[in-house]
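The structure presented is a predicted model; accordingly, all values stated were derived computationally and were not measured.
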Amino acid sequence: MSWDAIYRLVKRIPRGRVTTYGEIARVLKVRGGARVVGYAMAGSPSGQGIPWHRVVGAGGKLIIREPHGSLQRRLLESEGVEILGMRINYKLYGWPPVRKGVRKRVRRPAKIPRRT
DNA sequence: CATCTGACGACCG
DNA sequence: GCGGTCGCCAGAT
C-alpha cells in the first residue's frame, strides 16, 4: 500500500466534512489498519493541499496531540465543522469514502419456479 | 535482529 | 461514557 493512495483519497474529502483513519484503512485495505493510516497522515507532505485535518479518530474523536491538535481544531472550525469538547458529530459531518451509488443489493429470492 | 513507539480501534469492566 | 488492554504494523534506534 502506497501512502500516495491514502493522500489521494484524503484530498477528496469535501470541505466541512470529515472521515476517519479506520474508514480509510478499510476502503483502501491498508494492511496495518487505521494505525498505519495515522502514521501516513503524520508524515503527510505539507504544502500539497492534503486536508489532513479532515481525518479524525473513530466516531469523530479528535485524537491528535499538541501542537497539531489545536491547529486541526481551528482548521475544522473555519470550515464550519462544529466541535464539542474533543469530538465531532460524526453522524452529521462524516463523509463516506465509499462510492455508495452502489448500494448493497439484497439478493432477491428469485422467483420460485412454481410448478403447477 | 530485538525493542520501542505511535495523528488507531475494538473490547471489556 | 471513560480509562485500561491488547492487537495491529511500519519506521526508528
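- Residue A/A58 is in sugar-phosphate contact alone, with no base atom involved, counting any heavy-atom pair closer than 4.0 Å across all strands shown.
- Going from atom CG of A/L28 over to atom C1' of C/dA10 covers 17 Å, rounded to whole Å.
- Side-chain atoms of A/E66 come within 3.5 Å of backbone atoms of A/S70 as a donor-acceptor pair (strictly under, hydrogens ignored).
- Residues A/R87 and A/G32 each lie close to DNA chain C; by heavy-atom proximity, the contact nearer the 5' end of the strand is made by A/R87.
- Nucleic acid contact class of A/G33 (heavy atoms, under 4.0 Å, all strands): none.
- The shortest distance between the side-chain N/O atoms of A/R31 and the OP1/OP2 oxygens of C/dA10 is below 4.0 Å.
- In this structure, the CH2 atom of A/W52 is 13 Å from the P atom of B/dC8, given to the nearest Å.
- Across all their heavy atoms, A/K61 and A/V56 have their closest contact at O-CB, 3.5 Å.
- Atom NZ of A/K61 is separated from atom P of B/dC8 by 10 Å (rounded to the nearest Å).
- For A/M41 and C/dA10, the CE to C1' distance is 16 Å, given to the nearest whole Å.
- Comparing B/dG6, B/dG9, C/dG11 by their closest approach to the side chain of A/W3 singles out C/dG11.
- Evaluation of atom-type donor-acceptor distances gives a pair under 3.5 Å for the side chain of A/R35 against the base of C/dG7.
- If you take CD1 of A/I24 and C1' of B/dC8, they are 12 Å apart, rounded to a whole angstrom.
- Here the P atom of nucleotide C/dG1 and the OH atom of A/Y90 are 17 Å apart, to the nearest Å.
- With A/Q72 contributing its side chain and A/V55 its backbone, the two residues share a donor-acceptor pair below 3.5 Å.
- Under the 4.5 Å side-chain criterion, counting only non-hydrogen atoms from C-beta, A/Y90 is in contact with A/E23.
- When heavy atoms are screened at a 4.0 angstrom cut-off, A/Y39 is found touching the sugar-phosphate backbone but no base atom.
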